[in-house]
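As structure tokens, the structure follows; a few thoughts come after it.
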Protein chains: 2
Amino acid sequence: MTKMPTPGAPPSPGHDGRPGRPVGLRDVARMAGVSTATVSRVLNTPERVSATLRERVAAASARLGWVPDGTARALATRRTGAVGAVFPTLSHGDFARAAEALQGELRSRGYTLLLACSHYDLAQEHLLVRQFVERGVDAVVLVGNAHDPQTIGLLDRLSVPYVKTFNYDPEWRHHCVGPDNRRAMHGLTRYLLRLGHRRFGVIAQSAHNNDRAAARLQGVRDALSEMGLSVRPQHLVEGRWTIAEGRALFRKIIEKKPWPTAVICGNAYLAVGAVLEATARGIALPGEMSIVGYDDVEIMQELPVPITTLRIRSDEVGRLAADYVVATLAGKQPSTELECEVEIMERSSSGPVPRASRRESVPRRAKGADAGRR
Amino acid sequence: MTKMPTPGAPPSPGHDGRPGRPVGLRDVARMAGVSTATVSRVLNTPERVSATLRERVAAASARLGWVPDGTARALATRRTGAVGAVFPTLSHGDFARAAEALQGELRSRGYTLLLACSHYDLAQEHLLVRQFVERGVDAVVLVGNAHDPQTIGLLDRLSVPYVKTFNYDPEWRHHCVGPDNRRAMHGLTRYLLRLGHRRFGVIAQSAHNNDRAAARLQGVRDALSEMGLSVRPQHLVEGRWTIAEGRALFRKIIEKKPWPTAVICGNAYLAVGAVLEATARGIALPGEMSIVGYDDVEIMQELPVPITTLRIRSDEVGRLAADYVVATLAGKQPSTELECEVEIMERSSSGPVPRASRRESVPRRAKGADAGRR
DNA sequence: TTGTAAGCGTTATCAC
DNA sequence: GTGATAACGCTTACAA
């Protein structure tokens, strides 16, 4: 129960080892021969305290090893300097990176991060946010745009600033930061269309309580329908986000011919699984088929067939989120950059549509400059 | 500055939208026609309140949408219900999983997690711990056994319970939870010795401020020296923990012959890199060489040559850590299971020493039942 | 510049 | 079982 160094030592000794109450601001004040207000000022507005007293206080504080009590300060100032964030999970590399960057940025601005995972459960998320609010967080960071109305209601009612991340939506503006999932996938799909692909497969991440996944799928659909195309039902499969799942779903897609000439995966792990399964089956990439993913993880560029994918700077998302809430708390305008750049990392897993498929895969003449056979 | 729904709404309206102060316990008490003490009791010790009042209070509370103020409660009770954790990073899969599990377990016990990353910097870690302590965390979770003495001193002086994780050391006992890195690597090395390997390469993770990495290396060394063996200097390389780094370091090891017959990697990503580089160079695994890693990540079992490695249940580490601090806070004895099981996942990247190396690689007759040539 | 004293919103110790 | 009321440790007008 007690810890190592001072085996029998009860609660909190002062610097002299006396068992008395923990040292507080009053003790420092007494020792420095000043009022409590002055000690407080030394901490918060040192410039308003004479150098002499400032030093006396600092000395006393150091000598007593005083650690200011944040809860008392929070009660008095009505702000905790804490920000709560709810992520779906941390097992997903991009969320982990974003969380790390968020924490780093918050800390450099004097804030502390409270972190929790909702496991893609909005009810759970609501509970967590509520818990955060009770703990007095100054702001909240959420992932995605889909939330329990009560959650948003609570935040609004209590005037707790919040920001939605990882799914920038032009409609919402100044309330969310991150990549525009739909637009990103739209671009990736157009890239494949430019390569001549017309028959697409999609290994989507389950859109259950995941508006980012839904937006990505929508991006694919939009790009295709602009060309009068769509994904055949048997070529649209969906699952979670493991490599194993990517393999299994890819198998499902190639169950019977004709195969799609391009397979778009909803996230990095699904893409890795798909590529691994394809190469294991001797399917030539990109000779016979193209496979692309969303989000970039290191393994994708190290595999025998490096995978074309969208690079999202998730650490940037974390930083932007921190910037947003901190600015809001300071009453300032957040940085105008709320949307994150995404970049197509073109690698060997994608290429021009296979010769054999050229003719048969163009159902109707498509409009647009880049639609023809080149 | 204000948020969406009620554009011009100042701070905190009651349920009626009046701009007044946020609703507090007193308001609930007044509306329910009871004393503040009773409202508090309904929250904390409902069984000591008559059903009638309990319901009246609950009703009033709900009607006013009261959210208890945690900071005030913390000040009064002298406990925040928060636990601070400092991880080196979250980009490493195992830390991310541990953090997630830690948070989940803490939450189920009513605690909230404050999370921060030290980036393998002990000074930084100290600052973070200090910040946590000021914020009034009830306990702290640290990674590894190596820390700034001041950090531990601070925790001890303020009687803040803490646990060290990810490097169980029998010496420390009841103060750390996790796998025994040294012993785990010792076991893995012995496994390779049993397969007949005598010439080893090591791609170690940098041991700078990383006692886990150091312990792992020590485990290898111990196992070898028990057989009168050691790692040749040119076969011992060290770096961070990316796949690219694993590739580069592997290249260094095979710069000139004779090659080691077995290469032990200090973590999962280094192992993935080594295996990828080896196969890219046409080195047959395990025909010509064996490669093993520490820690198991999904990609390891999905690669064309699945990688033998040690499986550490990092989520278990997180859970154990939560269990430890919560039990300590409750004045109980923590679960007796502080050490985490590790398991050798034997896969295709390792096997018996190549025939060609059998003779030359046994420098002196080794002792032990499993040392001979089978 | 410095000090006095009134909160901040709970909990906890008493009596009743 | 219920109600006054004094803490809890700090900040912050307001005075001096």
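Quick note on labels: first sequence line is chain A, next is B, and so on, each numbered from 1. From a predicted model like this one, the values you see are computed outputs, not experimental measurements.
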Figure out the [atom1]/[atom2] separation between [X] and [N], and round it to whole Å.
{"X": "A:N44", "N": "D:dA13", "atom1": "CG", "atom2": "C1'", "result": "15 Å"}
{"X": "B:L53", "N": "D:dG1", "atom1": "CG", "atom2": "P", "result": "11 Å"}
{"X": "A:L25", "N": "D:dA7", "atom1": "CG", "atom2": "P", "result": "18 Å"}
{"X": "B:R26", "N": "C:dT11", "atom1": "CZ", "atom2": "C1'", "result": "13 Å"}
{"X": "B:R73", "N": "D:dC10", "atom1": "CZ", "atom2": "C1'", "result": "20 Å"}
{"X": "B:R79", "N": "C:dT11", "atom1": "CZ", "atom2": "C1'", "result": "13 Å"}
{"X": "B:E55", "N": "D:dG1", "atom1": "CD", "atom2": "P", "result": "16 Å"}
{"X": "A:L64", "N": "D:dG9", "atom1": "CG", "atom2": "P", "result": "15 Å"}

- prompt: Base, sugar-phosphate alone, or nothing: which one does B:T71 contact when heavy atoms must sit under 4.0 Å apart?
  reply: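 Result for B:T71 = nothing.
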query: With sugar-phosphate meaning primed atoms plus P, OP1 and OP2, does B:V39 contact a base, only sugar-phosphate, or nothing at under 4.0 Å between heavy atoms?
result: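 Result for B:V39 = nothing.
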task: Could you check B:A72 against B:A51 and say which one's nearest nucleotide on DNA chain D is further toward the 5' end?
output: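 Comparing both residues, the 5'-ward one is B:A51.
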field: Candidate list A:L113, A:L114, A:V83, test side-chain contact (heavy atoms from CB on, under 4.5 Å), partner A:V137, passing option
entry: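 One option only clears the test, and that one is A:L114.
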field: Among B:T80, B:V325, B:L329, side-chain contact (heavy atoms from CB on, under 4.5 Å) partner for B:Y111
entry: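 Answer after filtering B:T80, B:V325, B:L329: B:L329.
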It should be established whether [X] places a side-chain nitrogen or oxygen under 4.0 Å from OP1 or OP2 of nucleotide [N].
{"X": "A:S35", "N": "C:dT4", "result": "no"}
{"X": "A:R78", "N": "C:dG9", "result": "yes"}
{"X": "B:R48", "N": "D:dG1", "result": "no"}
{"X": "B:S40", "N": "C:dT11", "result": "yes"}
{"X": "A:S50", "N": "C:dT2", "result": "yes"}

- prompt: Do A:D27 side-chain atoms and A:L64 backbone N/O form a donor-acceptor pair below 3.5 Å?
  reply: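 No; zero donor-acceptor contacts below 3.5 Å.
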- prompt: So how far is it from A:H147 NE2 to A:E125 CD, rounded to the nearest 0.5 Å?
  reply: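 Separation between the atoms: 5.0 Å.
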task: Check every atom of C:dG9, C:dG3, D:dT5 against the side chain of A:V34 and return the nucleotide holding the closest atom.
output: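 Among the listed nucleotides, the one closest to the side chain of A:V34 is C:dG3.
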task: For B:L75 and for A:R41, find the nucleotide of DNA chain C with the closest heavy atom, then tell me which residue's nucleotide is more 5'.
output: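 The residue mapped nearer the 5' terminus is A:R41.
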query: Do you know which of A:D69, A:T71, A:T112 makes side-chain hydrogen bond (donor to acceptor under 3.5 Å, both in side chains) with B:R135?
result: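 Exactly one candidate clears the test, A:T112.
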